Amino acid sequence: MISGLRDAVKESILLKGLLGLMMISFGIWGVGDFIGTGGLDPSIAIRIGPKEITTNEFQRRYDQELNRFKEEVGPEAARNVGLKRSIANAMIQDITQTATVSAAAQDMGIVIPMRRLQSSLLKEEAFQNSTGTFDQSRFSEILYQNNLSESQFLDMFASDLRRATIISPVAANAGAPDYLVKNLFTYQNETRVADTLLVTVASLTDDDLPTDDELEELYQENIGAYTSPEYRKVTALIIEAQDFQSADSISDEALQTRYEETIDRYRTPSTRNISQLIFDSRDQAAAVRAQLEPGEDLSALAAKAGVAAPIDLGDLTVSAPVATMMGDAYNLPVGQISQPTETDLGWHLFQVTSESTEATTPFEAVKDDIREAMLEESGIDAVYEASVDVEDAIAGGTPLKEVSEIVGGRLVEIPAMDRNGQDSRGLDAPNIFDRVNFISTVFSTSSGEASQLLETPDRSGYYVVQVDSITPPTPKPLEDVRLQVVSLWERQARTAKADALTQELLTDITTTSSFSDLAAKHENVSYAPLGPITRFGEGVQVDHIVDSKRISPALLQKLFSGKSGDVISAPVSDGFVIARVKQINSPDPNGELVTAQMQIKTSVTNAMREDLADQIVKAFAVRYPVELNNDVIDQTISLR
């Protein structure tokens, strides 16, 4: 939703598919207002007022989002049902918002003229080349990657422009109140200076020794810290394609046959380099072409006619989307300029500036690549057959060791592993090659049982795990952890002494007390000034290093809640700090802070615009109820 509304406010609309996964990090808007139903026709996935999203369209968009998610985080994570549901929910949110506002725009009679559609499209950075010019080949490639035709995209683009027409006037008038910006600026940039005394636990000693009863009591109070986790002994059988590959099994004759069968793969098709001029109408294109003189190219013609320079579409094959769109103009002789040609984007003059002939890579140059591909294919076939045998053997109760002797593959054993994949020494257990699924599978499988067959992370094979035995969580004997318990007792004793010394110092401090003098009287106390420092624990000067030992969230909260002269104390990482507020600095929006104040103003303004846009969309949603075909949605998720 946030990305969609931001696009609407800026009137800069990119393909929804390019930004869809950004939605997952936000809450799903309006899900509570959706009407979940299985009563819709099976061919309809979502209905928003008069707008219907077909099942095929929903599945196409979901496949795009899921594939993009796999590219970002890997195929293993994308198998998680919860994540797949989140992807679907985010996509449904985007679809419903777009359809809701588009329906409202349509009811209002808002129409996007072709000139505005074209000019807005040409300004889209996503479709521009390095010189900032609209790139037709880039445009076609993005549409191809997202499985969209030009007409489908232009419909989406026009719909987004209609949404922007509704939302922009309201959102653009939002402004951050000066008093709010000032208060936020002060809150973020106010600094304080304090004198501090640090009482460190490590500097204190304790000559007393704990009694056995004290150690036993402390041991029992912290028994969880001295308990070994549950360990499992595991055997795993791994079958991968590489285990079933043999280079000697593929003859040169077989390689030659494969080469001839797939010869098209090794042919580089002929290409033609195309340039174009684009116009709003046929008359404009014809008027410019009428100025053409013999020997002139598009560049000379454009300069003479006073129109924008030609757009280079690059080297195109006959099957490229742009070439198909050009029609007969693609086959023009090199150098010749076409007659005015119409596409969904307007009218064009095309010119073929050069061409290259078809070429074929010889067999010897690709022989090794073909062998590798055939080995991979045979290995995949063999590992699949082996996986069926493994499943049958496991179903029959055959131990994994015997299964490996029959089928092949690699057998690995892990003597002990906990839920973090560590052994009894606290080190990563060996042979855990798939930490995401391997560990969870081990700890969801009963003792003596084998798991279902799982794919390896690189999807080149399968593996199955068998839990041989389970050692439940066991408290370690006191004598085995005695040194650790004694260390904890000593730490607590020193902490108590540090706290007592802190309270004693607080009692002695008066309005005229010198913190440096107080520190000089105690060898376990150190003095240092603190600040100027922000409420976030940061120094205001780049070269000013804040002593992290003297600050903590609790101390900062008290420091910025107090008045000048107040004395406060709070625990820090290694003891206690006493601080006296010495100076309170209110920020002025000068120098570098001018930028900071402007950033706050911009941030607040953008947030208010998004809130206003959100309210507009929610108001329209009341008019156009959303119906979901949960049967279609659930089936789409389960089959992907």
Side-chain angles (χ1 to χ4, degrees), residues 73-83 219 222-245 379-481 484:
V73 302
E76 297 301 325
R79 294 178 187 174
N80 183 283
V81 176
L83 285 176
Y219 167 77
N222 298 274
I223 193 66
Y226 308 117
T227 297
S228 298
E230 176 184 314
Y231 288 105
R232 297 196 170 199
K233 182 180 179 182
V234 180
T235 300
L237 174 62
I238 308 164
I239 51 174
E240 295 181 287
Q242 62 191 29
D243 299 328
F244 301 90
Q245 295 173 349
I380 291 174
D381 292 341
V383 81
Y384 175 75
E385 294 175 1
S387 70
V388 175
D389 294 337
V390 170
E391 286 186 315
D392 291 343
I394 291 174
T398 307
L400 281 191
K401 188 171 183 180
E402 294 182 23
V403 175
S404 68
E405 294 172 355
I406 299 171
V407 177
R410 179 163 51 97
L411 200 68
V412 298
E413 295 181 340
I414 302 176
M417 60 175 284
D418 63 16
R419 292 181 183 273
N420 295 317
Q422 296 182 326
D423 61 19
S424 57
R425 299 169 298 171
L427 304 175
D428 286 342
N431 299 317
I432 299 180
F433 51 87
D434 179 14
R435 299 193 73 85
V436 173
N437 295 308
F438 189 96
I439 297 174
S440 62
T441 300
V442 166
F443 280 86
S444 61
T445 303
S446 302
S447 179
E449 300 291 330
S451 71
Q452 293 182 335
L453 213 59
L454 303 170
E455 276 190 309
T456 55
D458 61 1
R459 311 190 79 170
S460 67
Y462 302 90
Y463 69 94
V464 61
V465 299
Q466 176 180 286
V467 178
D468 300 321
S469 62
I470 298 176
T471 302
T474 306
K476 301 174 185 178
L478 174 58
E479 289 307 312
D480 290 353
V481 295
Q484 298 175 42

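The analysis underlying the following values was restricted to heavy atoms, covering all of them including side chains, and did not include hydrogens, waters or symmetry mates. Since we're looking at a predicted model, the values are computed, not measured. Quick note: residue numbers are just sequence positions, from 1.
- Heavy-atom minimum distance, Ala393 versus Val403: CB-CG2, 3.7 Å.
- Remark: Pro475 engages Tyr219, Ile223, Thr227 in a side-chain contact (heavy atoms from CB on, under 4.5 Å) (not counting sequence neighbours).
- Residues Tyr462 and Val390 fail the side-chain proximity criterion, which asks for heavy atoms closer than 4.5 Å.
- Listed by chain and residue number, nothing satisfies the salt bridge (Lys or Arg N to Asp or Glu O under 4.0 Å) test with Asp389 (two or more places apart in sequence, or in another chain).
- Put simply, the side chain of Thr471 never gets that close to the backbone of Ser469: no donor and acceptor are under 3.5 Å apart.
- Among residue pairs with one or both ends in residues 228-237, those qualifying as side chain to side chain donor-acceptor pair (under 3.5 Å) are Glu230-Arg232, Thr235-Asp468; sequence neighbours excluded.
- Of the inter-residue distances, the one linking Gln466 atom CD with Ser447 atom OG reads 9.5 Å to the nearest 0.5 angstrom.
- Sparse packing is recorded around CD of Gln452, with 12 or fewer heavy atoms of other residues, nucleotides or ligands lying under 6.0 Å away.
- Contact annotation: the side chain of Phe438 approaches that of Ile414 to within less than 4.5 Å [non-hydrogen atoms, C-beta and beyond].
- Under the side-chain contact (heavy atoms from CB on, under 4.5 Å) criterion, Glu391 pairs with Leu453, not counting sequence neighbours.
- The two residues Ala450 and Ile394 have their closest heavy-atom pair at CB-CG2, 3.9 Å.
- For residues 420-432, the set of pairs meeting the side chain to side chain donor-acceptor pair (under 3.5 Å) definition, not counting sequence neighbours, comprises Asp423-Arg425.
- Using a 4.5 Å heavy-atom cutoff, the side chains of Leu454 and Asp434 are not in contact.
- For the residue pair Ala429 and Ala416, the shortest heavy atom distance occurs at CB-O, 4.2 Å.
- Rounded to the nearest 0.5 Å, atoms NZ (Lys401) and CD (Glu413) are 7.0 Å apart.
- Here the CD1 atom belonging to Ile432 is positioned 4.0 Å from the CE atom belonging to Met417, to the nearest 0.5 angstrom.
- The shortest non-hydrogen separation linking Leu411 to Ser404 is CD2-OG, 4.0 Å.
- Remark: Glu402 engages Thr398, Pro399 in a side-chain contact (heavy atoms from CB on, under 4.5 Å) (not counting sequence neighbours).
- Here the side chain of Ser451 pairs a donor or acceptor atom with the backbone of Val465 at under 3.5 angstrom.
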